[in-house]
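Inspection log for the structure reproduced underneath, given as structure tokens.
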Amino acid sequence: MGLSKKYNLFNINFFCIFGINFVICLVFYMSTISSTDYVLGVLNLQTSTAGLIMGAFVIGALLSRLYFGSIIDGINIKKSDYIFTFILSFY
């Protein structure tokens, strides 16, 4: 009761997906840290207010990922990557 073919987990697709997810997580957490520093340093708000703002940011990011993830699954993922790259090339 096993697989008749040996599959290799660490192939090029694994490393591409790992790299993309790593960059997305890095950008998200760097924006969270810099936004908290901005709220505390520039706006001179309290720590509790900065925490509330960052909590709203994280919840908004979670909900937007769920919403846009379902839209991207409806489209072809490769097509959505091309559209996103095209939009970012003009930014």
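Side-chain heavy atoms closer than 4.5 Å link hydrophobic residues (I, L, V, M, F, W, Y) into clusters, and following such links, possibly through other members, connects Phe15 to Leu9. Hydrophobic clustering (ILVMFWY, side-chain heavy atoms < 4.5 Å, transitive): Val42 and Met54 are in one cluster.
Summarising the geometry of Thr32 relative to Thr36, their closest heavy-atom pair is O-OG1, 2.9 Å, with the distance given to 0.1 Å. Of all heavy-atom pairs between Ser31 and Ser35, the closest is O-OG, 2.7 Å.
Aromatic pair Phe57/Phe28: centroids less than 6.0 angstrom apart.
Looking at residues two or more places apart in sequence or on another chain, you find a side chain to side chain contact (heavy atoms under 4.5 Å, CB included) between Leu45 and Val39, Leu43, Thr49, Ile53.
The CG atom of Asn8 sits 11.0 Å away from atom CG of Asn13, with the distance rounded to the nearest 0.5 Å. Taking CD1 from Ile33 and CG from Asp37, the interatomic distance works out to 8.0 Å, rounded to the nearest 0.5 Å.
In the hydrophobic clustering, Tyr67 connects to Phe68, Ile71, Ile75, either directly or through intervening members, whenever side-chain heavy atoms lie under 4.5 Å apart.
Atom CZ of Phe18 has 12 or fewer heavy atoms from other residues, nucleotides or ligands within 6.0 Å.
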